[in-house]
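Quick note on labels: first sequence line is chain A, next is B, and so on, each numbered from 1.
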Amino acid sequence: MDFIDFAAPSHLVAPQLIGCQFFVNNVGGVIVEVEAYDQAEPASHTFSGPSLRNAAMFGPPGCAYVYRSYGIHWCLNFVCSPADHGAGVLIRAIEPTAGIENMRERRGGIINERLLCSGPGRVGQALAIGPHLNGASLAASPFKLLPPQAPVRWIQGPRVGISKAVDLPWRFGALDSPFLSRPFRH
DNA sequence: GCGACGATTGGCT
DNA sequence: GCCAATCGTCGCC
């Protein structure tokens with residue numbers, strides 16, 4: 001995973017992740033949608049400084065930050081920027097390519113491949129993300145992150161489901177991918 | 001100590 | 001399109 005400099009600002013790392021292959025225990029696929037977050041911006045979990053929950057985001061870059069969303073879902077971020085900066089990239093959607101049967105079972109027998117990993121909560125469930133992975137290095141097992149196999153066309157727009165800093169266009173996605181959690185306006 | 005509110009999803013009208 | 005599910009975190013009394 002040294003083909004990406006995770007010590008860079010999250011909004012510069014985010015588009016580089018589009019098209020990358022990502023696996024947890026060899027289950028996963030192509031990253032098609034992400035969002036960047038930064039301590040300087042009020043929609044981020046790190047806006048109010050370090051806490052027990054967001055500690056991993058203030059740790060070394062290139063690690064995972066896992067949090068519970070709405071008391072129900074586990075969501076995965078890649079920590080960015082120098083340690084103590086409090087920034088990261090939320091993985092919002094993946095095009096499934098490996099371990100599809102495994103993902104189907106975890107997702108409750110869902111048949112439509114488009115619905116397996118199209119949303120941060122769905123990615124967490126399909127890849128079996130949990131608190132045991134919070135703070136773990138993306139360079140080691142069970143993670144595997146590989147560069148894009150082909151040139152990537154990406155698009156950016158407003159982030160989803162937030163009420164602050166709504167004008168920041170920090171959601172990034174693969175152009176016209178059918179596996180996005182929702183389409184981009186263009 | 002208490003209460004409001006999510007970086008969401010799935011089911012129902 | 002609307003709303004319940006579900007619970008940890010954080011702000012405020």
Side-chain angles (χ1 to χ4, degrees), chain A residues 6 9-18 22 24 29 31-59 61 63-81 85-96 103-136 138 154-174 177-185:
Chain A
F6 281 100
S10 58
H11 69 281
L12 299 182
V13 173
Q16 299 180 58
L17 289 171
I18 302 300
F22 179 68
V24 181
I31 297 175
V32 295
E33 183 184 339
V34 300
E35 281 176 359
Y37 289 88
D38 188 282
Q39 184 179 9
E41 155 267 309
S44 173
H45 287 174
T46 55
F47 183 64
S48 301
S51 69
L52 198 54
R53 172 174 74 151
N54 65 27
M57 282 251 257
F58 288 94
C63 291
Y65 162 55
V66 177
Y67 73 94
R68 199 149 169 71
S69 175
Y70 288 87
I72 302 171
H73 310 286
W74 292 103
C75 299
L76 173 67
N77 293 251
F78 294 172
V79 177
C80 295
S81 300
H85 193 84
V89 174
L90 171 69
I91 308 302
R92 286 193 57 90
I94 289 174
E95 174 180 345
M103 289 191 262
R104 272 200 232 278
E105 289 173 27
R106 292 167 178 167
R107 294 272 301 118
I110 283 191
I111 298 170
N112 190 342
E113 238 173 74
R114 286 190 184 197
L115 299 178
L116 284 182
C117 304
S118 59
R122 292 167 173 168
V123 168
Q125 190 177 25
L127 302 196
I129 300 299
H132 59 292
L133 295 173
N134 191 34
L138 297 172
W154 53 266
I155 185 171
Q156 65 183 305
R159 293 174 292 182
V160 174
I162 55 170
S163 56
K164 300 162 191 164
V166 292
D167 291 334
L168 220 44
W170 278 8
R171 173 179 177 240
F172 302 84
S177 168
F179 296 93
L180 298 173
S181 68
R182 30 195 332 183
F184 284 81
R185 274 200 59 150

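- Across the strands present, C:dG11 finds its partner in B:dC2; the criterion is a Watson-Crick or G-U wobble pair with both atom distances under 3.5 angstrom.
- The side chain of A:S51 places an N or O atom within less than 4.0 Å of a non-bridging phosphate oxygen (OP1 or OP2) of C:dC10.
- Across all non-hydrogen atoms, the minimal contact from A:Q156 to A:P169 is OE1-O, 2.9 Å.
- Between A:H45 and B:dA7 there is a side-chain N or O to OP1 or OP2 distance below 4.0 Å.
- A donor-acceptor pair is defined here as one N or O able to donate and one able to accept, closer than 3.5 Å; such a pair exists between the side chain of A:E33 and the backbone of A:S181.
- In this structure, CH2 of A:W74 is placed 13 Å from C1' of C:dT6, rounded to the nearest angstrom.
- For A:N54 and B:dA7, the CG to P distance is 13 Å, given to the nearest whole Å.
- Between C:dT6, C:dG11, B:dA7, one nucleotide has an atom nearer to the side chain of A:I72 than all others, and that is C:dT6.
- In this structure, A:L90 places its CG atom 6 Å from C1' of B:dA7, rounding to the nearest Å.
- Between A:F6 and A:F78, the two ring planes are perpendicular [angle over 60°; tilted spans 30° to 60°].
- Considering only side-chain atoms of A:Y65, the nucleotide from B:dG10, B:dA7, C:dG11 that sits closest is B:dA7.
- When the nucleotides B:dT9, C:dG11, B:dA7 are ranked by their closest atom to the side chain of A:S48, C:dG11 comes out on top.
- Nucleotides B:dA7 and C:dG1 are separated by 22 Å at their C1' atoms, to the nearest Å.
- Side chain of A:N77 to main chain of A:G88: no donor-acceptor pair is present (N/O by atom type, distance under 3.5 Å, no hydrogens or angles).
- Spacing between atom CZ of A:R68 and atom C1' of B:dT9 amounts to 13 Å, rounded to whole angstrom units.
- Counting non-hydrogen atoms of neighbouring residues, nucleotides and ligands closer than 6.0 angstrom, the CG atom of A:D167 reaches no more than 12 such neighbours.
- C:dC3 sits 16 Å from B:dC5 when the C1' atoms are compared, rounded to a whole Å.
- Per the geometry, CZ belonging to A:R182 stands 13 Å off C1' belonging to C:dG1, to the nearest Å.
- C:dC10 atom P lies 14 Å from atom OH of A:Y67, rounded to whole Å.
- No donor-acceptor contact under 3.5 Å links the side chain of A:Y70 to the base of C:dA5.
- We find that CG of A:N112 is positioned 15 Å from C1' of B:dT9, with the value rounded to whole Å.
- Atom-to-atom, NZ of A:K164 to P of C:dC10 comes out at 12 Å; the value is rounded to the nearest Å.
- Of the two residues contacting DNA chain B, namely A:Q125 and A:G71, the nearest-nucleotide position lying further toward the 5' end is that of A:G71.
- Phosphate proximity of B:dT8 to A:R92: present, with a side-chain N or O under 4.0 Å from OP1 or OP2.
- Proximity note for A:P120 (side chain, C-beta onward) versus B:dT9, C:dT6, B:dA7: the nearest is B:dT9.
- Contacts of A:I162 with the nucleic acid, taken as non-hydrogen atoms under 4.0 Å apart, involve only primed sugar atoms and P, OP1 or OP2.
- Side-chain contact of A:R107 with A:Q125: a donor-acceptor pair under 3.5 Å is present, judged by distance alone.
- Base pairing analysis places C:dC3 opposite B:dG10; the two distances defining the Watson-Crick or G-U wobble pair are each below 3.5 Å.
- Between A:R122 and the phosphate of B:dG10, there is a side-chain N or O to OP1/OP2 separation shorter than 4.0 Å.
- At the phosphate of B:dG10, OP1 or OP2 sits under 4.0 Å from a side-chain N or O atom of A:R107.
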